[in-house]
Amino acid sequence: MTTVFRNVIDADQILGLYRVTERAIAPRYIKPDAARVWLDSLANATFFASVTLFLTVAFVPTKPEAQAGTKSWDKALLAVILPAMVAVLPVAALDAGRFHWSAVPAWVLLSGYVD
C-alpha cells in the first residue's frame, strides 16, 4: 500500500519528520542549523512524500524437523537475499534523492515503463 503526502503537516503526523529530526540532533547525526534549514525547506517549498508499506505473511513450522531437509545453499542464498530486499528501498531513496550514485541513461529508465 502506498500513501502520498502533499502537505508537510499531514506527513509529520504520520512520519514524525520533526520528532525524528530532533532525535537526530542530540547524538549529532545532523547539525542543528542543517536540521532547521531542512525543516524550513519542507515547510515552505513544494512538498511531496510517499511511503510504501509491505506486508509479508509467512508460515513458520512449529516442528524443527520440518526444516531438517533445507539445503545449505538455500540457507546461504536466503542470507544474501533477505538483507538485499530490506536494503533496496533505503538505498534507492538515497541514490535518487541525495547522493546520485548511479547515472542511468534516459532510454534505460523509459524502457522500464514499457510493458
Same hydrophobic cluster for [X] and [Y], using side-chain heavy-atom links shorter than 4.5 Å among ILVMFWY?
| X | Y | answer |
| --- | --- | --- |
| L15 | F47 | yes |
| V8 | V51 | yes |
| I81 | V88 | no |

Quick check: are there more than 12 heavy atoms from other residues, nucleotides or ligands sitting under 6.0 Å from [atom1] of [X]?
| X | atom1 | result |
| --- | --- | --- |
| W101 | CH2 | yes |
| Y29 | OH | no |
| L94 | CG | yes |

Distance check, rounded to the nearest 0.5 Å: [X] atom [atom1] versus [Y] atom [atom2]?
| X | Y | atom1 | atom2 | result |
| --- | --- | --- | --- | --- |
| D12 | T21 | CG | OG1 | 8.5 Å |
| N44 | D40 | CG | CG | 6.0 Å |
| I14 | I9 | CD1 | CD1 | 13.5 Å |

- prompt: Can you find a heavy atom in the side chain of L17 that is under 4.5 Å from one in the side chain of L42?
  reply: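 Sidechains of L42 and L17: in contact.
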
- request: Could you walk me through whether I25 and E22 pass the side chain to side chain contact (heavy atoms under 4.5 Å, CB included) test, one step at a time?
  value: CA-CA 5 Å; I25 292 171; E22 289 299 320; 4.1 Å; yes

message: I need the minimum non-hydrogen distance between A96 and H100, along with the two atoms involved.
response: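 Nearest heavy atoms, A96 then H100: O-CE1, 3.2 Å.
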
Shortest non-hydrogen contact between I30 and A34, atoms and distance: CG1-CB, 4.1 Å

task: Say whether S50 and T2, considering side chains only, have a donor N or O and an acceptor N or O under 3.5 Å apart.
output: no

